[in-house]
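Notes follow the structure.
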Amino acid sequence: MRLWLLRHGQAEPQAASDAARELTAHGRQEVQQAAAQLAGRPLTAIVASPYVRAQQTADLVRDALGFAGKISTVPWLTPDSDPREVLKYLDERAGAEVLLVSHQPLIGALGGLLVHGHRQEPLPMRTASLAELEGDIPAAGLMELLALIHPR
């Protein structure tokens with residue numbers, strides 16, 4: 001399995017709620033840089049948080065890649081979700097190439113759990129950071145971090 005973890009781009013600091021925060025112009029540029037790293041990848045799924053900034057990020061990536069599939073929106077990719085919920089989903093997708101679009105602290109904790117086997121060493125995911133992981137089984141400590149790319 002090849003797994004891509006993407007944190008949303010920079011978002012406006014305030015909105016009616018945290019879930020309603022939108023990407024800034026700079027955040028859109030960051031996401032375009034991340035999307036360029038995914039060019040040519042045979043993604044089988046794009047899965048995103050329901051928060052506006054994550055949805056906008058996923059839409060930008062889909063458009064940049066010409067991805068024909070639908071973006072799946074799930075409730076277990078929000079900032080404070082439990083990484084174990086994500087592992088349940090990934091367990092059913094062995095052999096796939098999946099992009100997850102989410103937030104901190106979840107995305108860093110998930111990456112740390114998959115690579116190190118625990119959450120005490122999260123991946124340092126800035127806005128629009130993209131992590132590439134690979135492994136036979138998407139389980140704690142069984143995936144290898146191939147790349148961690150931060151926008152310029």
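Keep in mind it's a predicted model, so treat the numbers as computed, not measured. All values below come from the heavy atoms of this structure, side chains included, with hydrogens, waters and symmetry mates left out.
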- How long is the span from the CD1 atom in Ile149 to the CH2 atom in Trp4, to the nearest 0.5 Å? 6.0 Å
- Query: Nearest 0.5 Å, what's the CZ-CD distance between Arg28 and Glu22?
  - Reply: 7.5 Å
- Message: Any non-hydrogen side-chain atom of Leu106 less than 4.5 Å from a side-chain atom of Asp80?
- Response: no
- Message: Between Thr73 and Gln55, do the side chains contain a donor N or O and an acceptor N or O under 3.5 Å apart?
- Response: yes
In a table with atom names and distances, give each donor-acceptor pair under 3.5 Å that connects a side chain of residues 131-142 to protein atoms at least two apart or in another chain.
from: Glu132; atom 1: OE2; to: Arg2; atom 2: NH1; distance (Å): 2.4
from: Glu134; atom 1: OE2; to: Arg2; atom 2: NH2; distance (Å): 2.3

- Item | Option from Val61, Leu3, Thr44, Leu5 for which side chain to side chain contact (heavy atoms under 4.5 Å, CB included) with Leu99 holds | Val61
- Side chains of Val101 and Ile107: closer than 4.5 Å at any heavy-atom pair? no
- Query: Who passes salt bridge (charged side-chain N to carboxylate O under 4.0 Å, His left out) against Asp59, sequence neighbours left out?
  - Reply: Arg62
- When you measure from the side chain of His118 to the backbone N and O of Gln120, does any donor-acceptor pair fall under 3.5 Å? yes
- Which pairs with one or both residues in residues 17-39 pass ring pair (Phe, Tyr, Trp, His ring centres under 6.0 Å), sequence neighbours excluded? none
- Quick one: side-chain hydrogen bond (donor to acceptor under 3.5 Å, both in side chains) partners of Glu121, sequence neighbours excluded? none
- Item | Arg152 and its side chain to side chain contact (heavy atoms under 4.5 Å, CB included) partner, picked from Gln33, Gln29, Glu30 | Gln33
- Message: Please list all pairs meeting ring pair (Phe, Tyr, Trp, His ring centres under 6.0 Å) that have one or both residues in residues 128-152, counting only residues at least two apart or in different chains.
- Response: none
- Message: For the CG atom of Leu114 and the CE atom of Met1, what is their distance to the nearest 0.5 Å?
- Response: 9.5 Å
- Task: Grab the two heavy atoms, one from Ala34 and one from Leu130, that are nearest each other, plus how far apart they are.
- Result: O-CD2, 3.8 Å
- Please check if any side-chain donor atom of Glu12 sits under 3.5 Å from a side-chain acceptor atom of Thr24, or the reverse. no
- How many angstroms lie between CD in Gln104 and CG in Leu110, if you round to the nearest 0.5 Å? 10.5 Å
- Message: Salt bridge or not between Glu97 and Arg41? Use side-chain N to carboxylate O under 4.0 Å.
- Response: yes
- State, with a plain yes or no, whether a side-chain heavy atom of Pro50 is found less than 4.5 Å away from one of Val74. no
- Query: Taking the side chain from Ser102 and the backbone from Arg7, do they hold a donor-acceptor pair closer than 3.5 Å?
  - Reply: no
- Item | Spacing of CG belonging to Leu100 relative to OG belonging to Ser72, to within rounding of 0.5 Å | 10.5 Å
- Message: What's the separation between atom CD1 in Ile46 and atom CZ in Phe67, rounded to the nearest 0.5 Å?
- Response: 4.5 Å
- Sequence neighbours excluded, every pair satisfying ring pair (Phe, Tyr, Trp, His ring centres under 6.0 Å) that has a member inside residues 77-105: His8-His103, Tyr51-His103, Trp76-Tyr89
